[in-house]
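Worksheet: the structure to be examined is printed underneath.
Note that the coordinates shown come from a computational prediction; the quantities given were computed from them, not determined experimentally. Convention: sequence-line order gives letters A, B, ...; per-chain numbering from 1.
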Amino acid sequence: MQEVRTRFAPSPTGYLHIGGLRTALYAYLFAKQNNGKFILRIEDTDLERYVDGAVEIIYDTLKDAGLIYDEGPDVGGDYGPYVQSERKDIYLKYAQQLIESGDAYYCFCDKERLEKIHAEGATKYDKHCLHMSKEEVAERLARGDKYVIRQNIPESGITTYHDMVFGEITVDCKDLEDNILIKSDGMPTYNFANVVDDHLMGINYVIRGVEYLSSTPKYNLLYKAFGWEIPHYMHLQPIMKDATRKLSKRYGDASYADFIKRGFLKEALINYIALLGWSPKNDREKFSLEEMVQLFSVDGLSKSASIFDEVKLKWLNGQYIKEMSPEAFYDYAQRFFDKYEFLNGYDRKLICSLLQNRIEIFDDIGPAMEFLTKFDGYDLTLLCNQKWKTDLGTAKAMLPGLIELTENNFDSLHDALVAFGEQNGYKKGQVLWIFRIAITGAQSTPGGATEMAELLGKDETVRRLKESLARVNV
RNA sequence: GCCACCAUAGUCUAGAGGUUAGGACGUUGGCCUCUCACGCCGAAAACAAGGGUUCGAUUCCCUUUGGUGGUACCA
């Protein structure tokens, strides 16, 4: 059996977005599941849209996400070069072969003429130059006239192919245009380069976005003209931002790197995007990359687009965070501690143990610990609690005792607080509520009263208790 | 406009010619608890509409509607 070879062929036009990453993921999963090869090819034939540094971002993202490609520009392989701009001469040669066979032709029409025929109602190129004599073509070529090479599509007939996710796709040839294969700058268009490269690189499973679903018949015509074997196709619906818009850089939607920066784990991100458009057909929804390689299946691919839901991604990320070892969590959290300067000087280990199962992304560390800096002037009504039946009066009565007890029994604070309650006729919850609010000034904190005291340290705890007392006394 | 593709709760999805239409996020009630969260137990919430085919259709077919894609010297 033939070795499965898939490819991810992005254009270096900026950061790698989530949709692109998912396409790469599926191509990777399919290849690996079949013990095949996953290839990276850079499609930089559009000089205008090229963005410096974009290629490196693609390399880094794929590698970081664990989508290790077997062949690619920076790792080599037997079918290089893997960058289209470096393959320029190859395309021209094949285009000329097509001209010989009559499946393509030189076209000298300029923009003005094209605009004119469209203005006159043409919906596609009118094959004007197809009918030019050989002599005239030779003459104009010799003269150095600008030209493009167009595909010669049959004027009638239908073309059908089988897509692994959509099934039979049929398109009428009359709806197909004589696409430009080679642009006037000598570069191939996607329409041509993808066919030539996929064939030359031995790609037998083409996995890409649905935007190519209806132009695939044209590509198949090219394969046929060359006498090449047509690959299997898997077209993928896009990931949407909302019901009508695709997730895209244009709308400033987050890139892989942005999510990582905010404290999403790559495993969670990969897991989540895999599930946007693919289902294992059971209720399971947590998978490692290795498990997905085993479980991936084409019939689990969705035929409809899916909307990216960050809320669910966060939940999933939280699940991954809870499963980390405390050590791994601590290590990973370091850069986020550095990000929030007000955390300097506090016990990171303690904070980590408090936070690991209450945050969903690492960036939450800052907001979760905010009470450390936002204590002064907190809302005193927080001391009033319906469930525990406490109010400002309770606080006023309790605080002097709480201060004394903290100063003397900080090391066994919990026991001391309980004893204080028993001696003075308060419920445990009442004491702890007043105490916690009095030292944090926050409705909710990442831990209970004594845990917060431990974090603040004895001096700061006492200081805050005194400040609270002073405020309730006015 | 023309062509193609798609259509299960707010979201991601499972599903089959006959099901109490399943799961997850979110929402919500409760339990647990030194707050919140976690965790656990519940609840509400969907087959886009109209025609067929059929004993029976949400499932198959058609139409409509809605959405997306293509219609580039962009990919």
Considering the options A/Tyr15, A/Phe308, A/Phe362, A/Tyr272, which one meets the ring-ring contact (aromatic ring centres under 6.0 Å, His included) requirement together with A/Phe259?
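Filter result, single survivor: A/Phe308.
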Taking atom [atom1] in both [N] and [M], what distance in whole Å separates the two?
N	M	atom1	value
B/C6	B/C61	P	10 Å
B/U64	B/C3	P	11 Å
B/A16	B/A75	C1'	40 Å
B/A46	B/C31	P	28 Å
B/U8	B/A48	P	6 Å
B/U27	B/G17	C1'	35 Å
B/U63	B/G42	C1'	43 Å

Between A/Tyr106 and A/Arg140, is there a cation-pi geometry (under 6.0 Å to ring centre, at most 45° from the normal)?
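Because its charged atom misses either the 6.0 Å distance or the 45° angle limit, A/Arg140 does not stack over A/Tyr106.
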Would you indicate, yes or no, if B/C5 has its OP1 or OP2 atom less than 4.0 angstrom from a side-chain nitrogen or oxygen of A/Lys303?
no
Below the 4.0 Å mark, does B/U11 have OP1 or OP2 next to a side-chain nitrogen or oxygen of A/Lys312?
no
For atom [atom1] of [X] and atom [atom2] of [N], their distance in whole Å:
X	N	atom1	atom2	result
A/Leu354	B/C38	CG	C1'	13 Å
A/Trp433	B/C34	CH2	C1'	10 Å
A/Leu176	B/C2	CG	P	18 Å

Checking contacts here: which listed nucleotide (B/C6, B/U35, B/U13) is nearest the side-chain heavy atoms of A/Phe166?
B/C6
What's the closest nucleotide to the side chain of A/Glu360 if the choices are B/C38, B/G26, B/A7?
B/G26
Applying side-chain contact (heavy atoms from CB on, under 4.5 Å), can you list everything that pairs with A/Ala104, at least two apart in sequence or on another chain?
A/Leu98, A/Ile99, A/Ile149, A/Leu181
Could you tell me whether A/Asp178 and A/Arg150 have a side-chain N and a carboxylate O separated by less than 4.0 Å?
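No salt bridge links A/Asp178 with A/Arg150.
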Is A/Arg113 salt-bridged to A/Asp126, cutoff N-O under 4.0 Å?
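Salt bridge: yes.
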List the protein contact pattern of nucleotides 66-75 of chain B with one symbol per nucleotide (5' to 3'): B for base contact, S for sugar-phosphate-only contact, - for none; contact means a heavy-atom distance under 4.0 Å.
-SSSSSSBSB
Is there a side chain to side chain contact (heavy atoms under 4.5 Å, CB included) between A/Lys314 and A/Arg262 once you walk through the steps?
CA-CA 11 Å; A/Lys314 278 189 176 172; A/Arg262 289 171 58 201; 4.0 Å; yes
